[in-house]
Amino acid sequence: TDSYQAWLQYRPIGTKKEEYKKWLTAIEVNEESQILESAAAELKKGIHSMLGVTLVPDNSAEGHIILGTYEQMDLKQYGISPEVFRDVTDEGYVLKSVFEKEERAVLLIGKTDRGALYAAFHLLRLLQKEVPIDSLEVVESPRNQFRMINQWDNMDGSIERGYAGQSIFYVDNDFNEDLTRVKDYARLLASVGINAISINNVNVWDVETKLVTKAFLPKVKAVSAIFAAYGIRSFLSINFASPMELGGLGTADPLSPEVEKWWKDKVAEIYEYIPDFGGFIVKADSEGRPGPFTYDRGHVEGANVLAKALKPFEGKVIWRCFVYNHLQDWRDRSTDRARAAYDHFKPLDGKFLENVILQIKNGPMDFQVREPVSPLLGAMKQTNQMLEFQIAQEYTGQQIDVCYLIPQWKEVLDFDTYTKGEGSTIKSIVDGTLHGYQYSGIAAVSNIGDDGNWTGHTLAQANLYGYGRLIWNPERTTEEITKDWIHLTFGYDPDVVDAVEYILLHSWKVYEKYTAPLGIGWMVNPNHHYGPNVDGYEYSKWGTYHFADRDGIGVDRTVETGTGYSSQYEEPNAKVYDSLELCPDELLLFFHHVPYSHRLKSGETVIQHIYTTHFEGVEEVETFIAKWNGIEGKVDNAVFENVKQRLKKQRDNAIEWRDQVNTYFYRKSGIPDQQNRTIHP
Ligand code: BDP
């Protein structure tokens with residue numbers, strides 16, 4: 001394993017080699033396009049590396065690949081009915097092998113060239129997994145329209161919430177001259193079906209504001225071209241105050257005609273450089289960033305002025321809903337940060353222009369290890385929405401601790417909102433089918449940097465890979481995605497597969513066990529968010545409290561006695577969360593303030609649950625270490641050491657969490673551990 005190549009190792013094929021060689025000697029590309037060129041280059045690279053075969057450009061060879069789009073193809077000749085392509089979406093494809101009259105052909109046919117590119121990566125995956133290819137008949141379309149990555153890279157080269165080195169895009173307030181890594185990143189992203197990227201942090205500071213000016217647009221164009229060749233559209237995060245900061249206007253009021261004109265001209269200028277530019281992503285009136293509130297305007301006016309400017313070019317405005325009071329008085333128990341997104345946006349349903357998409361974090365707070373699903377998702381039936389995940393492990397171990405997030409994301413996607421009756425799942429909302437959204441999909445904060453292995457922790461690559469595979473088709477199981485990643489990255493040694501699979505599949509629950517209990521979240525060190533700090537956010541302005549005292553813990557978000565947040569859900573979810581009896585254990589403290597002696601559905605008391613899970617969490621990290629040590633010599637040495645070192649740090653971290661959390665609750669409650677394990681009094 002060369003960890004830079006991640007899941008595109010293209011390792012030499014074993015027993016299937018001779019069989020594959022019969023099929024794969026030549027390639028015919030039936031149309032000219034940059035994307036098809038990328039696909040062909042990838043096939044050549046992969047097949048050369050796996051089979052030692054150099055594909056020649058030929059269409060008469062006995063075994064050849066035909067790569068292209070369906071319109072340029074005599075489908076009947078290969079027994080494909082043109083009807084198939086009626087149902088396939090623009091990015092879909094057919095992958096088929098045909099053996100007739102001594103001619104072997106592997107057809108990689110996209111509805112468009114992007115589909116063909118995905119077909120090429122699909123074939124390469126099958127080859128690496130040594131699947132028989134003599135009777136392939138695959139028809140695929142992605143379920144989600146936007147499959148996006150958000151970079152949180154700053155132009156000084158740092159990455160907000162980056163845990164894998166510096167930016168691959170920027171250095172010293174400028175673009176990197178060498179964009180090789182950007183191209184390799186594009187390959188990785190395209191291989192798992194990503195089709196959109198925003199290339200700068202949502203917090204747009206001084207220099208980043210200038211990305212939309214002549215000073216940088218030629219370079220934005222160069223980066224966009226690299227991504228475009230892999231079917232990925234580029235977006236920029238913008239500063240809402242640009243008309244003032246760049247245009248010298250006295251206002252950024254979205255209803256001011258001069259502001260409207262300024263945006264129109266600016267957008268036209270951007271499209272002169274980048275005709276296929278995707279649009280803007282906007283963090284406005286959030287955590288101190290400028291926005292329409294300054295001018296007594298709302299999100300609708302703010303988003304629509306941009307949408308109008310982008311409309312003629314088919315550009316989109318992705319408007320983030322991470323809006324809340326970050327200057328809260330902790331003494332005021334009536335303000336509930338969890339309520340904020342819904343309270344701000346739900347009343348605005350139907351008022352945004354059609355090229356606006358609201359981007360909503362999966363939970364109402366902020367990417368904690370456990371949160372309920374945001375009640376805003378699906379609650380706006382006439383407003384395009386997309387879901388936001390965070391692949392970067394800001395609150396889940398920062399790529400030092402292993403925390404495989406696919407199981408968490410699957411729970412989110414499968415969650416039933418009941419917004420249109422039973423079966424109104426998040427996945428059916430974000431794929432646009434439930435409410436008939438024109439534009440929708442999923443975005444996620446990237447977890448890569450310039451570390452040699454991209455993600456710091458080698459196992460964190462699985463989160464990036466899994467994100468793409470899951471959002472292409474949310475029906476795919478966690479196990480399937482996990483196995484695929486392991487096979488592609490590490491190969492087939494059963495001991496390696498077992499150990500890595502064990503660690504990944506247990507890691508989220510283990511992380512949950514040793515950190516803040518039962519959905520309460522936030523007991524982390526302020527600012528950088530790594531490691532425990534039991535009261536770190538308790539008396540701060542951020543609206544993130546646990547309210548632990550000598551009698552109990554939890555946030556009362558019920559209707560009767562609490563903040564009423566539970567009522568933002570549809571029934572029966574509202575009733576379930578509101579009820580102490582019905583509320584699921586893992587979210588108990590998110591919704592209820594309870595005494596330490598409260599009995600969970602599991603039969604245990606809250607305090608005993610806290611003690612036990614924290615002891616178990618550390619023990620399970622020990623198991624990870626034992627499993628990993630068991631495969632020494634069976635994985636590449638550098639990878640082995642990388643993971644080994646990080647597991648060691650994870651153990652230290654878990655012990656610190658265990659001891660602080662258990663001690664804290666022991667001191668608060670005075671209730672001893674039933675099993676008399678060591679808690680530091
Ligand atoms: C929080 C991060 C912060 C981001 C913010 C956001 O701590 O760095 O700027 O979210 O999403 O998770 O805007």
Side-chain angles (χ1 to χ4, degrees), residues 144-148 150 195-198 200 202 204 212 233-243 252-256 259-264 266-268 270-271 276-286 289-295 297-323 340-361 374 376-388 419 426 429-444:
N144 288 294
Q145 194 184 359
F146 279 89
R147 302 180 302 280
M148 189 169 194
N150 294 161
N195 66 358
I197 188 167
S198 57
N200 63 306
V202 288
V204 184
V212 294
R233 215 177 265 274
S234 296
F235 288 68
L236 287 172
S237 300
I238 54 106
N239 181 341
F240 195 80
S242 297
D253 179 351
L255 293 192
S256 138
V259 169
E260 185 173 337
K261 177 168 185 323
W262 189 87
W263 281 116
K264 260 191 124 143
K266 181 46 76 187
V267 166
I270 297 172
Y271 277 88
D276 63 345
F277 181 65
F280 296 148
I281 168 154
V282 196
K283 173 173 180 175
D285 289 313
S286 167
R289 302 313 301 144
F293 289 2
T294 314
Y295 313 97
R297 316 290 187 202
H299 297 287
V300 172
E301 293 76 26
N304 286 355
V305 69
L306 303 173
K308 264 192 230 163
L310 285 157
K311 174 113 208 266
F313 307 95
E314 290 180 47
K316 313 287 180 290
V317 179
I318 299 178
W319 191 267
R320 296 178 80 235
C321 297
F322 187 60
V323 177
Y342 185 100
D343 284 345
H344 276 286
F345 286 91
K346 164 80 181 169
L348 308 179
D349 193 15
K351 298 189 172 146
F352 291 93
L353 292 177
E354 65 186 11
N355 56 333
V356 176
I357 311 168
L358 299 183
Q359 181 169 312
I360 303 163
K361 289 191 181 184
S374 168
L376 184 59
L377 283 160
M380 301 173 76
K381 299 178 180 156
Q382 302 170 65
T383 307
N384 299 319
Q385 294 191 335
M386 62 199 271
L387 169 61
E388 177 177 334
T419 186
I426 297 293
I429 291 161
V430 298
D431 74 11
T433 55
L434 191 76
H435 295 318
Y437 291 154
Q438 191 171 359
Y439 306 113
S440 60
I442 306 182

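Every value quoted in this text rests on a predicted model; they were computed, and no experiment measured them.
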Measure across [X] and [Y] and return the closest heavy-atom pair with its distance rounded to 0.1 Å.
X: Val356; Y: Ala307; answer: CG2-CB, 3.6 Å
X: Val317; Y: Ala303; answer: CG2-O, 3.9 Å
X: Cys321; Y: Leu358; answer: SG-CB, 3.7 Å
X: Pro292; Y: Pro254; answer: CB-CG, 4.1 Å
X: Asn239; Y: Arg289; answer: ND2-NH2, 4.4 Å
X: His299; Y: Phe352; answer: O-CE2, 3.6 Å

Report the C-alpha distance between Asn150 and Gln359 in whole Å, list the side-chain angles of each, state the deciding distance to 0.1 Å, and finish with yes or no for side-chain hydrogen bond (donor to acceptor under 3.5 Å, both in side chains).
-> CA-CA 11 Å; Asn150 294 161; Gln359 181 169 312; 2.9 Å; yes
Do [X] and [Y] have side-chain heavy atoms sitting under 4.5 Å apart?
X: Ile238; Y: Val212; value: yes
X: Met386; Y: Ile442; value: no
X: Leu348; Y: Thr383; value: no
X: Lys351; Y: Asn304; value: no
X: Ser440; Y: Phe146; value: no
X: Lys308; Y: Leu353; value: yes
X: Phe280; Y: Val267; value: yes

Roughly how far, to the nearest 0.5 Å, is [atom2] of [Y] from [atom1] of [X]?
X: Lys361; Y: Ser374; atom1: NZ; atom2: OG; value: 11.0 Å
X: His435; Y: Ile429; atom1: NE2; atom2: CD1; value: 5.0 Å
X: Arg147; Y: Asn195; atom1: CZ; atom2: CG; value: 4.0 Å
X: Gln145; Y: Tyr439; atom1: CD; atom2: OH; value: 7.5 Å
X: Asn384; Y: Ile318; atom1: CG; atom2: CD1; value: 10.5 Å
X: Ser234; Y: Phe277; atom1: OG; atom2: CZ; value: 8.0 Å

Show the numbers, then the answer: is there a side chain to side chain contact (heavy atoms under 4.5 Å, CB included) between Met148 and Ser198?
-> CA-CA 8 Å; Met148 189 169 194; Ser198 57; 4.0 Å; yes
Only pairs at least two apart or in different chains count here, so list each salt bridge (charged side-chain N to carboxylate O under 4.0 Å, His left out) that has a residue in residues 313-322.
->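 Listed once each, the pairs are Arg320-Glu388.
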Please state whether the rings of His344 and Phe293 are parallel, tilted or perpendicular, taking 30° and 60° as the class boundaries.
->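 If you compare the ring of His344 with that of Phe293, the planes turn out parallel.
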Using 30° and 60° as the class limits, which term best fits the ring planes of Tyr271 and Phe313: parallel, tilted or perpendicular?
->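 Tyr271 vs Phe313 ring planes: parallel.
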Verdict with supporting geometry, Trp263 and Ser242, side chain to side chain contact (heavy atoms under 4.5 Å, CB included) | CA-CA 9 Å; Trp263 281 116; Ser242 297; 3.7 Å; yes
Salt bridge (Lys or Arg N to Asp or Glu O under 4.0 Å) against Lys264, all qualifying residues, sequence neighbours excluded |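 Counting only residues at least two positions away or on another chain, Lys264 forms no salt bridge (Lys or Arg N to Asp or Glu O under 4.0 Å).
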State which residues pass salt bridge (Lys or Arg N to Asp or Glu O under 4.0 Å) with Asp431; sequence neighbours excluded, sorted by chain then number.
->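 For Asp431, the residues satisfying salt bridge (Lys or Arg N to Asp or Glu O under 4.0 Å) (neighbours in sequence not counted) are Arg143.
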More than 12 heavy atoms of other residues, nucleotides or ligands under 6.0 Å from NZ of Lys311: is that the case?
->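 At most 12 heavy atoms, drawn from other residues, nucleotides or ligands, come within 6.0 Å of this atom.
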Show your reasoning for whether side chain to side chain contact (heavy atoms under 4.5 Å, CB included) applies to Tyr437 and Val430.
-> CA-CA 8 Å; Tyr437 291 154; Val430 298; over 6 Å; no
Taking only Lys NZ, Arg NE, NH1 and NH2, and the carboxylate oxygens of Asp or Glu, determine whether Asp253 and Arg297 approach each other closer than 4.0 Å.
->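 Salt bridge between Asp253 and Arg297, a charged N being under 4.0 Å from a carboxylate O: yes.
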Between Leu376 and Gln385, does a side chain to side chain contact (heavy atoms under 4.5 Å, CB included) hold up when you go through it step by step?
-> CA-CA 9 Å; Leu376 184 59; Gln385 294 191 335; 4.3 Å; yes
